[in-house]
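Okay, so here's the structure we're looking at.
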Amino acid sequence: MPTSPRVRFAPSPTGYLHVGGARTALFNWLFARRHGGTFVLRIEDTDVERSSDEMVEGILDGLRWLGLDWDEGPGAGGSHGPYFQSQRLARYREMAEQLVASGHAYYDYRTPEQIGAEREAAQAGNGDWRHHRGGRGLAADQVAAFERERRPRAIRFLVPEGSTTYVDLVHGPIAFDHDHIEDFVVLRSDGHPTYHLSVVCDDIDMRITHVVRGDDHISNTPKQVLLYGAFGAPLPRFAHVPLILGPDKKRLSKRHGATSVTEYERQGFLPEAMVNFLALLGWSPGDDRELFTRDELVAAFTLEGISGGHAVFNPDKLVWFNNQHIMRLPAEALAGRVEPLLRAAGTWDESLAGDRRPWLLSVLDLLKPRAHRLHDFVTQAQPLLSDVIHYDEAAVARYLAPPGTRAHLAALRETLAALPAFDAATLETAIRTLAEARGVKAGTLIHAARVSVTGRAASPGIFEVLALLGRDRVLARLDAAMAMAG
RNA sequence: GUCCCCGUCGUCCAGAGGCCUAGGACGUGGCCCUUUCAAGGCUAAAACGCGGGUUCGAAUCCCGCCGGGGACGCCA
């Protein structure tokens, strides 16, 4: 019985949660949930200069919006904390010293400037920098002298000769020759760890079993594998997921438009749609299914299903997913998401939460197939929620202005006023009968009616719209429209 | 420059030697439904980067090339 997996998402709070990070988090989350494992959230804030509390909150908000809850980490507790790297500094120093003590690392007294010069010289020569271990093999008295003057020192990992292979869950076996790895710094002269040291220490301490992260870390992995070996710690399984690229095949960035998940929330996307879309960007269940609920994704997810190629972000498909998920969302749930937008637009009324609730839900159901983003509900429901009609000039010119329209509307008004019931079916029969009696196509009355009651040339089915508006409001709008009809 | 990863329709994926006259989805065109706009249905165009092998047989395996991406820091 294998122990349940522990995975982590370890963002550095130097920016908001962008879609690439969100997808990495999603894959980790799906894997944990699929196998009843633990999803750890760790904040890699060792780069104090570029990190901030607001950024941390922004990232947490993004994760919460997507519904990716973490079992251990900020706000969630856990017995492997602290989960902020800035609070683990002492541990990293301890681990680094341990490396020196065991002969896996050494002190380097050179300054960054000195090394930069050496590197340039080397690269100008044969280009092989790795072999310049200038900081190593110092005489004992030299070291003593440096220590006496309390000269700053960094700790460098001593890369052994040879080669290593590890098996990547998405890429298969990856072999690397130690010749291409230089003696990297694990602890800076200011006592701060470098990325390689901190991730490995944390992943060991936090008992991480599967490291699922971006493809850009694939060439860092050899160094980390070496560190695991030096610490005598078991190697976790690695799964490197390909990056998300922009339409120009370049790494997704600001100039490709929105890259922050929060921005997509603002634009009216459903987290369900975002999750579905992101999951299928670089992963496939192995068959042709496309539409997934969160639970279905959990049930279908495997790391092996991640494809090795880079994926280009396709905004059109996101919109399609959004519409699909909107149509599948129960009206009641939808109402909760749309309410804030209606409030902001000034078309919200408290009765919509009370006795007019069923009516609102009918409106939403009617609008669903036409809504690509949440905001579409606001614009399309406007003529139903408000009695302030904005008449579209072109629509009026085309369907109200033609001579004879006023007479049609008058007849329509008379018919509707006398109707025994005001439901869609009754309305349809009445209007079609009227059209026949007046010798015009039903469309003539329908179009005129549409512009009269909505002010627009496009709307949901007119009979449903009329029924939803109710007789009084319809008659009033017909009266108003007759004044501008030809 | 060195090392690593990747390479199927415009895009996202399926394909793990014969089931492939290469399948699905988004987008695009056409048709249907129809009161408009959507949604929905049907349909069309659209791809195995190139060249060598291996094999009776290759999108699938191997090599080279080309192309794309990434990493080479006392950043993460």
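Chain A is the first sequence line, chain B the second, and so forth, proteins listed ahead of strands; every chain is numbered from 1.
- The residue among A:Lys368 and A:His171 whose nearest nucleotide of RNA chain B lies closer to the 5′ end is A:His171.
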Under 4.0 Å protein heavy-atom contact, by nucleotide of nucleotides 13-26 of chain B - B base, S sugar-phosphate only: SS--------BBBB
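- If you check every strand for non-hydrogen atoms under 4.0 Å, A:Pro152 touches nothing.
- Between A:Arg8 and A:Glu44 there is no salt bridge, since none of the side-chain N atoms of the basic residue sits less than 4.0 Å from a carboxylate O of the acidic one.
- Side-chain contact, A:Ser86 with A:Asp45: a donor N or O sits under 3.5 Å from an acceptor N or O.
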A:Arg370/A:Asp376 under salt bridge (charged side-chain N to carboxylate O under 4.0 Å, His left out): CA gap, chis, key distance, verdict: CA-CA 8 Å; A:Arg370 279 159 260 263; A:Asp376 293 332; over 6 Å; no
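- Between A:Asp203 and A:Arg42 a salt bridge is recorded (basic side-chain N to carboxylate O distance below 4.0 Å).
- The phosphate of B:A71 (OP1 or OP2) has no side-chain N or O of A:Arg213 nearer than 4.0 angstrom.
- Around atom CZ of A:Arg398, no more than 12 heavy atoms belonging to other residues, nucleotides or ligands sit under 6.0 Å away.
- Within residues 389-400 of chain A, no residue is approached by RNA chain B to less than 4.0 Å at the level of any non-hydrogen atom.
- As judged by a 4.0 angstrom heavy-atom cut-off over every strand, A:Ser189 is placed among the base-contacting residues.
- For A:Arg432, a side-chain nitrogen or oxygen approaches OP1 or OP2 of B:U35 to under 4.0 Å.
- Both A:His372 and A:Phe463 lie close to RNA chain B; mapped to their nearest nucleotides by heavy-atom distance, the more 5′-ward contact belongs to A:Phe463.
- Residue A:Pro315 is out of contact with every strand shown, counting any heavy-atom pair closer than 4.0 Å.
- When heavy atoms are screened at a 4.0 angstrom cut-off, A:Asn323 is found touching the sugar-phosphate backbone but no base atom.
- A salt bridge between A:Glu428 and A:Arg432 is present, with a side-chain N of the basic residue lying under 4.0 Å from a carboxylate O of the acidic one.
- Counting non-hydrogen atoms under 4.0 angstrom, A:Ile462 reaches a base of the nucleic acid.
- Electrostatic pairing of A:Arg91 and A:Asp205 counts as a salt bridge here, judged by a charged N lying under 4.0 Å from a carboxylate O.
- Side-chain to base pairing of A:Ser219 with B:C3: no donor and acceptor N or O lie closer than 3.5 Å to each other.
- Checked for salt-bridge contact, A:Arg156 and A:Asp108 meet the test: a charged N lies under 4.0 Å from a carboxylate O.
- Judged by Watson-Crick or G-U wobble contacts below 3.5 Å, the nucleotide B:C72 has B:G1 as its partner.
- Under the 30°/60° scheme for interplanar angles, the aromatic rings of A:His104 and A:Phe157 are found to lie parallel.
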